[in-house]
Protein chains: 2
Amino acid sequence: MFQGEYTNNMDDKGRLNIPAPFRDVLQRNYNEPTIIVARDPQTACLRAYPLQEWKRLLAKVGARPSNDRVVQAFKRTVISSAQEYHPDKQGRVLIPQTLRTYAGMSKATVFAGSVNTFEIWDAKAWDAQLTSSLALLQDQDLDF
Amino acid sequence: MFQGEYTNNMDDKGRLNIPAPFRDVLQRNYNEPTIIVARDPQTACLRAYPLQEWKRLLAKVGARPSNDRVVQAFKRTVISSAQEYHPDKQGRVLIPQTLRTYAGMSKATVFAGSVNTFEIWDAKAWDAQLTSSLALLQDQDLDF
DNA sequence: ACAAATTACCCACTTTTACCCACTAAGCGC
DNA sequence: GCGCTTAGTGGGTAAAAGTGGGTAATTTGT
């Protein structure tokens with residue numbers, strides 16, 4: 001289970017260091033270090049899936065009629081961007097330019113746990129998102 | 001059951017000493033010293049949960065539709081910030097910079113019991129909150 | 001097929017964290 | 001009051017995490 005929020009720096013080569021706690025979860029709960037990274041279609045961030053979770057997502061998409069316009073759009077945005085990454089000995093992956101651009105990533109990068117996936121954000125974008133999420137919750141009557 | 005208010009100092013390394021009475025409650029009522037600390041979304045403080053109480057919260061959140069905007073905001077602010085902490089031999093935990101910043105913590109830190117969780121405040125912020133809470137209660141018709 | 005660019009892999013360094021030990025101050029009983 | 005216990009605090013050290021960079025392998029383009 002991915003939880004917690006970590007900030008790491010992308011280096012000049014475009015390599016991203018997956019936070020150690022997330023690597024632990026991958027190893028312990030999924031028995032392999034590989035992740036799939038794809039666009040998150042509704043926010044300007046990337047989402048990382050353990051292989052198993054990604055397959056589950058594919059199955060769900062496959063169950064829907066393939067002429068559904070939403071399904072088509074989903075395939076074009078998310079599935080097309082998805083790629084497998086094998087972290088190096090230091091636990092880093094090289095994210096391609098297109099995805100970096102999509103998430104507006106430059107250097108400081110936030111990794112945010114999201115139960116069975118985790119999100120990858122540019123630090124500034126993450127802060128902005130956080131501020132607006134907090135504002136939204138401010139007036140809510142939360143019962144948990 | 002967490003009750004009472006205690007003030008401890010965060011040291012230069014960012015370590016926070018959990019007040020002994022709270023550690024006792026964790027050990028006696030929950031049989032383990034581990035806590036989850038996360039943002040409190042509506043006030044500038046952190047909230048510490050025994051594992052069992054945290055799981056209860058997760059269950060409540062999971063029972064709500066995941067496309068609910070409030071639920072999404074809650075996940076991004078609270079769940080993402082949640083992390084497990086294992087106090088050291090002296091009963092201290094190291095709180096990361098992001099959470100310290102969120103709660104405006106510098107040195108003097110207040111721990112306030114809140115039945116099945118407890119709150120962690122910067123001492124100054126706690127005083128301000130206390131004043132306004134008292135003001136709110138002034139005109140109320142309390143029947144307990 | 002060859003040169004240039006990109007990527008993967010490895011090694012080394014720096015910073016941070018976890019763990020342990022020790023000291024001080026505050027209560028408590030005798 | 002004196003010694004004991006317990007809570008709180010400070011700091012050293014070894015391991016782990018994060019970061020930077022070199023080089024070989026691979027890919028790409030011509």
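Numbered from 1 within each chain, the chains take letters A, B, ... in sequence-line order.
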Check the distance between [N]'s [atom2] and [X]'s [atom1] and give it to me in whole angstrom.
X	N	atom1	atom2	answer
A:Q83	C:dT7	CD	C1'	12 Å
B:I95	C:dT17	CD1	P	12 Å
B:E84	C:dA18	CD	P	13 Å
A:L26	D:dA17	CG	P	14 Å
B:D24	D:dT6	CG	C1'	11 Å
A:N9	D:dT19	CG	C1'	8 Å
A:R100	C:dT7	CZ	C1'	12 Å
B:I18	D:dG8	CD1	P	10 Å

Classify B:N8 by what it touches in the nucleic acid, base, sugar-phosphate, or nothing, heavy-atom distance under 4.0 Å. sugar-phosphate
Review item, side-chain donor-acceptor pairs of residues 128-136 of chain A, under 3.5 Å, at least two apart:
unit_1: A:Q129; atom_1: NE2; unit_2: A:S133; atom_2: OG; d: 2.9
unit_1: A:T131; atom_1: OG1; unit_2: A:D127; atom_2: O; d: 2.9
unit_1: A:S132; atom_1: OG; unit_2: A:Q129; atom_2: O; d: 3.1
unit_1: A:S133; atom_1: OG; unit_2: A:Q129; atom_2: O; d: 3.1

Counting only heavy atoms not in B:N31, do more than 12 sit closer than 6.0 Å to its CG atom? yes
Go through it in stages, so that I can follow the logic: the residues are A:I95 and A:V93, the test is side chain to side chain contact (heavy atoms under 4.5 Å, CB included), and I'd like the CA-CA distance, side-chain angles, deciding distance and then a yes or no. CA-CA 6 Å; A:I95 300 295; A:V93 294; 4.0 Å; yes
Any donor-acceptor N/O pair, [X] side chain to [Y] backbone, under 3.5 Å:
X	Y	value
B:T34	B:H86	no
A:D122	A:K124	yes
A:S80	A:V78	no
B:R39	B:T77	yes

Indicate whether OP1 or OP2 belonging to D:dG18 is found under 4.0 Å from a side-chain N or O atom of A:R23. yes
Work out how much the helix from C:dA1-D:dT30 to C:dC30-D:dG1 bends between its end axes, five pairs an end, to the nearest 10 degrees. 30°
Of the listed nucleotides (C:dT7, D:dG18, C:dT17), which one gets closest to any side-chain atom of A:L94? C:dT7
Tell me if the aromatic rings of A:Y49 and A:F118 count as close, with their centers under 6.0 Å from one another. no
Quick check, are the ring centers of A:F2 and A:F111 under 6.0 angstrom apart? no
Just the table, please: protein N/O against nucleotides 11-14 of chain D N/O, every pair under 3.5 Å.
unit_1: D:dG11; atom_1: N7; unit_2: B:R15; atom_2: NH2; d: 2.9
unit_1: D:dG11; atom_1: O6; unit_2: B:R15; atom_2: NH1; d: 2.6
unit_1: D:dG11; atom_1: O6; unit_2: B:R15; atom_2: NH2; d: 3.4
unit_1: D:dG11; atom_1: O6; unit_2: B:R92; atom_2: NH2; d: 3.4
unit_1: D:dG12; atom_1: O6; unit_2: B:K13; atom_2: NZ; d: 2.3

